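Owing to the predicted nature of the structure, the values given are computational and were not obtained by experimental measurement.
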Amino acid sequence: MAEMRLIKKGAEAELYLTDWMGLKAILKRRIKKGYRNPDLDSYVRGSRTSNEAKLLSEARRLGVPTPVVYSVDKRGCEILMSYIDAPPLKRFVDGMSPEALALTFSRVGEMVGRLHKGGIVHGDLTTSNIIPYSGILYLIDFGLGEHTSDVESKGVDIHLMRRALESSHHEVSSAAYLSFIDGYRRVMGDLSEPVLKRVDAIRRRGRYVDVSHRKGA
Amino acid sequence: MNSVQYILGIESTAHTFGCGIASSEGRILSNVKSEYVPASGGIHPREASQHHASKAAATISGALKEAGLRLNDIAAVAFSAGPGLGPCLRTGATVARTLSLVRKCPLVPVNHCIAHIEIGRLATGEDDPLVVYVSGGNTIISAYAGGRYRVFGETLDIALGNCLDTFARHIGLSHPGVPKLEQLADEGQKFIPLPYVVKGQDVSYSGLLTMASRLAGECDRNDLSLSLLEVAYGMVAEVAERAIAHTEKGALLLTGGVARSKRLQRALSFVCGDHSARFHVVPPDLAGDNGGMIAWTGYLALKEGLTVPVESSYVNPNWRLDEVEVPWRR
């Protein structure tokens, strides 16, 4: 058994730095949650673990960089995968030049476009789940993702990205979102219009949206 | 001004007509309310607003009397201008405008959701918590950043309290349904799988309500209540945990009507334990909709000069929490 060192205790999982066949690896372990009923808890953790492992591999086949999955233990709720040694995008956004911001988020948009075009939604698009490493943007954390051809799910995916930008990067959120949409359109082509229309519909449907904000924004 | 000021607050967003009086020192001197309880079904907005109109005078004079004040002692009138049910909001606003004109004092519009947060901060003394605001109409995870309360997670469809209340009515429990559901749940043994829907930082309760209602005839009531509450609260606790990990706030404040739920308190205090955060719950008498929270928030706004002329004191049924500047937090 390789040595394991806890490097991050997230909300959902613990991440251990370890070694797999001489390669640096991450063990992601979804931990038991005392606040949930035990039956519910093992169902949620188990299904998210297998879901994530599958989608990580499938996303990469669609041209979206993700960590490589080495092994999965569904019962232990563990995934062993390659280690991307860099902080998440969240840490860089606020210090970015307008040009770098536009370029980065249009690439994020392209990445999400490739995913959606291939019939996968991520389910938790935030700047914490994107890791820039040696010129490549990696997408991680697919536990809430799903296979779908549904316009609604794709719309919710983008709605969540927009909301994450607004809550975590409120100063640059509009510019970042516009660049994101540019990139998304470039990859999705004609398929993007129904989705983006739905994004606006989802936002309007959202609880308490000011009527004057319903048109533009 | 050095002397103590008294603010009168009017609450009328949904089923409660409330009048409370807060002092500039942060005391709630009185908090009188009258609740509209429908004979059957949920809130009928027009009937609720008629209830409010008929109870307004007695509620306000009751609040003044309990505080030992006269209308002339009041420095400003605050009212909840949204979000809420249009007819109810308009009734409360009409009452508030009248008081402000009669007393010739400033009128202060208050966002109802912000009032739930501010009363929680006042009552618990926690300055900068992550807020979990759960009620019949709202399910919001929020924290202060850059001049506003930002929304980190919310429901994509119906509110937590709405889901639980509707289910309680469906199985024949009378109002208020949540405490009765909790009693049934305490007797529950078996967990029945129900839709657990977390999308990013958001939750969705409509599928859960539909499924639980559909199973009501087939499953044991206690088991079903247990499962419904576990799933519903588990979803809130999960998004709260994500938000606390993300924002790195050192404390969590549970506020709103559903804050009274012992089972939800237990779940969230678990979350806080795991993240070394302090856990606070708004006191039960300030958990549900009340005029005191409007009065106190009105005072905070008044200090910043956020008053409105009667002519343009419109209500806004869709007024979002994160649209409001909160300069008193700077």
Self-check item: Interface residues of residues 45-57 of chain A facing chain B - heavy atom cut-off under 4.5 Å
Solution: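 Residues of residues 45-57 of chain A touching chain B at under 4.5 Å: A:Arg48.
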Exercise. With a 4.5 Å cut-off on heavy-atom pairs, point out which of B:Glu241, B:Arg148, B:Arg266 contacts chain A the most.
Key: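 Result: the option with the highest number of such pairs is B:Glu241.
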Quiz prompt | Residue selection (most heavy-atom pairs with chain A, distance under 4.5 Å) from B:Asp202, B:Val271, B:Val151 | solution =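 The residue among B:Asp202, B:Val271, B:Val151 with the greatest pair count is B:Asp202.
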Exercise. Describe, in one word, how the ring planes of A:Tyr133 and A:Tyr138 are oriented to each other, choosing from parallel (under 30°), tilted (30 to 60°) and perpendicular (over 60°).
Key: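 Answer is tilted, since the angle falls between 30° and 60°.
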Quiz prompt | Plane angle bin for A:His116 and A:Tyr184 - parallel if under 30°, tilted between 30 and 60°, otherwise perpendicular | solution =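 Perpendicular: the ring planes of A:Tyr184 and A:His116 meet at over 60°.
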Please confirm whether the backbone N or O of [Y] pairs with a side-chain atom of [X], one donor and one acceptor, at under 3.5 Å?
X	Y	answer
B:Asn162	B:Gly137	no
B:Asp223	B:Lys190	yes
B:Arg150	B:Ala145	yes

Quiz item: Among A:Asp39, A:Leu144, A:Leu40, which residue forms the greatest number of heavy-atom pairs with chain B at distances under 4.5 Å?
Solution: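 Option with the top pair count is A:Leu40.
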So what's closer than 4.5 Å to chain A heavy atoms on [X]: side chain, backbone, both or neither?
X	result
B:His275	side chain
B:Ala267	both
B:Tyr196	side chain
B:Arg242	both

Self-check item: Per-residue contact mode, A:Val44 against chain B (heavy atom under 4.5 angstrom)
Solution: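 Answer is side chain: those atoms of A:Val44 sit under 4.5 Å from chain B.
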Polar side chain donor-acceptor pair, [X] to [Y], under 3.5 angstrom:
X	Y	value
A:Ser168	B:His246	yes
A:His169	A:Thr127	yes
B:Glu118	B:Tyr149	yes
A:Glu166	A:Ser173	no
A:Ser153	A:Asp157	no
B:Asp289	B:His15	no

Practice problem: Run through B:Thr155, B:Thr139, B:Asp157 and flag the one making a side chain to side chain donor-acceptor pair (under 3.5 Å) with B:Ser204. | Solution: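 The side chain to side chain donor-acceptor pair (under 3.5 Å) with B:Ser204 is passed solely by B:Asp157 among B:Thr155, B:Thr139, B:Asp157.
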Quiz item: Are the charged groups of A:Arg36 and B:Glu230 less than 4.0 angstrom apart, N to O?
Solution: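 Answer for the salt bridge query: no.
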Quiz item: Taking only heavy atoms into account, what residues of residues 248-265 of chain B are found under 4.5 Å from chain A?
Solution: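 Interface residues of residues 248-265 of chain B: none, nothing closer than 4.5 Å to chain A.
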